[in-house]
K.L.:
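Please read through the structure below; I'll follow up with questions.
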Amino acid sequence: MAFYVTTPIYYVNGEPHLGHAYSTIAADILARHHRQRGEDVFFLTGTDEFGEPVAQQAEREGVTPRELGDRLAPRFKEMAAKVNASNDFFIRTTDEGHQRRVQEVVQRVYDNGHVYEGMYEGWYCPRCADFKTEAEIEDGNRCPIHKIELTREKEKNWFFRLSAFQEELEKLYAERPSFVEPGFRRNEALAFVRQGLQDVSLSRRRLKWGVPVPWDTDQVIYVWFDALLNYYTALSYARDGEDLTPLFWPAFHILAKDILKFHAVYWPAFLMAAGIEVPKGMFIHGFLLMEGHKMSKSLGNVLDPDQVIEMFGADALRYYCFREVSFGRDGQISPQGFEARYETELANEYGNLANRSLSMIGRYRDGVVPSADPEAELASAFEGVVERVRGLLDESELTHALDEIWKLVRRLNQYVEETAPWKLAKDETDSERLDSVLYGLAEGLRVTTLLLHAYMPDTTGRLLDALAEPDRGLPEFGSRGGGQILAELDPLFPKLQKAQ
Ligand code: ME8
């Protein structure tokens, strides 16, 4: 089995913020989970460097778009590393290999008869690099996303015959109900298709910063087509002398609702036009909000992932984002929220469970996991849980899967309270029961931690080492007998430095 997952490629028109980190972490959790299943995984992220959004920012800063990209692309690359993303490649659309392949595919779409020359006029948002319909425009002529004034634009350029794909798109949606998840986003996309599709510009004449149209080098390819194609082009040159396309295509995409239309409508149509298989599917998540507003570069209300990581660590950030905000919905995040979850859930519930369990096995059994059968009441809490988590992650339900796992953390804590091993340890006749309880705790902790591994790779890795568990695959409760010698474990989630 192969699994190919992508994030949007981010515009290099500002520093990365937590909104970008969020999509990257989501895709990373899926990538890591599929690796745990033993699948061949390819995980792609990167930067979108052409087009108006970047050219305009460069102009504002008095640098060339290339210089801006060369400064900011490494920042996005660092951001991915800092949040512990395990991406297999980082694409920059300015890569030679990308541009070559984009031209090939666009030429194919042209040769297949889906491109013509025409005149476009409409309200245009340079930040979105997109024309807006009358219905989308806010407050006279403002962009509904960026709140900036739209400009009236008119130019002769090449058009992609999107309208010709209406029926095929409707068929795709009918045949593959899970093509776009969650369902309410699928309905939005389908409604957009059903209202009637208009052809879209495939090129720009005024702009110089882009991939040249192969048959008309006075124009550049419209940034959205060049950008979407990154998902396809990367596989052809990510590995020297090897084309990964046959192994990994089609991709599964993670993105937010702001770019739904491009991914759910333009992109499959464009691939159909090129004769390339459409994506496996996509999951559309919501926005992280700060005090009620979308966290965004243009609104300036962003949290810096570096600062958050410095304070809480990457794992806590990864955990918080998916626990606090139901994946798929918009949700508020705040430094106070971080702190609260860090202390109550990560440090007190999970961290304490780990340290308590290890120290009881240390104290009562010299640090060796007893060989015993778990008690039925504990075993039953784990029944079917791995399958449930797998099933939820198959639907990219990152929050629901995490909720399932967190129930185990709580069940284990409750089990410690119910069984009170410190009391059992006082009476020699309870020795066998204590073996069962301690075995159950070690096994429960192992299974829970392996399930959390995709979410919090570092801390869980440390705990698994302490549990003498070298395997990182998906677990099964009761599949490991006792006898392991446990190691020391420093607190997984140390107390926060309040002064900050
Ligand atoms: O749109 N909450 O790039 P972009 C959640 N280059 N996610 C957020 C977010 C927030 N507050 N802010 C940003 C582009 N994101 C194009 C994409 S893809 C072929 C081209 C994330 O830099 C989210 O994934 O504006 C959103 O879709 C993406 O960043 C937009 O990044």
Side-chain angles (χ1 to χ4, degrees), residues 5-28 44-57 68-69 72-73 75-76 79-80 83 85 91-94 98 102 125-130 143 145-146 148 185 210 221-234 251 253-268 270-271 279 282-305 317 321-322 324-334 396 398:
V5 64
T6 69
T7 72
I9 48 170
Y10 309 113
Y11 284 130
V12 285
N13 61 354
E15 292 282 324
H17 61 70
L18 213 53
H20 305 119
Y22 183 60
S23 305
T24 301
I25 297 169
D28 187 58
L44 180 71
T45 186
T47 42
D48 190 354
E49 306 194 11
F50 288 122
E52 260 109 344
V54 176
Q56 290 203 339
Q57 181 60 27
L68 187 61
L72 287 168
R75 298 284 300 131
F76 280 89
M79 182 270 285
V83 300
I91 189 171
R92 296 182 57 182
T93 54
T94 44
H98 169 75
V102 164
C125 170
R127 295 267 174 79
C128 292
D130 188 23
C143 169
I145 296 169
H146 298 100
I148 56 171
R185 294 288 174 216
I221 295 166
Y222 173 43
V223 63
W224 265 104
F225 287 101
D226 133 47
L228 287 162
L229 277 167
N230 91 87
Y231 303 133
Y232 183 71
T233 64
H253 305 305
I254 295 286
L255 52 131
K257 62 182 184 180
D258 51 342
I259 51 180
L260 169 69
K261 177 182 74 182
F262 297 103
H263 284 78
V265 182
Y266 291 19
W267 179 223
F270 200 69
L271 288 169
M282 60 193 77
F283 188 92
I284 319 299
H285 64 72
F287 288 151
L288 296 183
L289 309 174
M290 288 273 285
E291 285 149 11
H293 297 285
K294 180 196 176 199
M295 189 189 291
S296 80
K297 286 177 272 226
S298 36
L299 299 181
N301 60 340
V302 297
L303 273 188
D304 174 359
L317 166 66
C321 288
F322 296 92
E324 183 78 19
V325 178
S326 184
F327 193 53
R329 302 277 165 181
D330 288 355
Q332 294 286 342
I333 60 163
S334 67
S396 310
L398 294 178

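Residue numbers run from 1 in the order of the sequence given. Computed from a predicted model, the values in this text were never measured in an experiment. The basis for the numbers below is simple: all heavy atoms, side chains too, and nothing from hydrogens, waters or symmetry mates. Atoms within a ligand are numbered from 1 in the order they appear, just like the ligands themselves.
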K.L.:
So which of Asp226, Val223, Thr93, Ile9 actually passes side chain to side chain contact (heavy atoms under 4.5 Å, CB included) with Glu49?
P.N.:
Thr93
K.L.:
I'd like to check the ring pair (Phe, Tyr, Trp, His ring centres under 6.0 Å) partners of His17; sequence neighbours left out, ordered by chain and number.
P.N.:
His20
K.L.:
Side chains of Tyr10 and Pro16: closer than 4.5 Å at any heavy-atom pair?
P.N.:
no
K.L.:
Please name all residues satisfying ring pair (Phe, Tyr, Trp, His ring centres under 6.0 Å) with Phe270, sequence neighbours left out, ordered by chain then number.
P.N.:
Phe160, Phe225
K.L.:
Mind checking ring pair (Phe, Tyr, Trp, His ring centres under 6.0 Å) for Tyr266 and listing every partner two or more places apart, or none if nothing turns up?
P.N.:
Phe262
K.L.:
Determine whether the side chains of Thr233 and His98 contain a donor N or O and an acceptor N or O closer than 3.5 Å.
P.N.:
yes
K.L.:
With a 4.0 Å heavy-atom cut-off, what residues sit around ligand 1?
P.N.:
Pro8, Ile9, Tyr10, Tyr11, His17, Gly19, His20, Tyr22, Ser23, Asp48, Trp224, Ala227, Leu228, Asn230, Tyr231, Ala256, Asp258, Ile259, His263, His285, Gly286, Phe287, Leu288, Lys294, Met295, Lys297
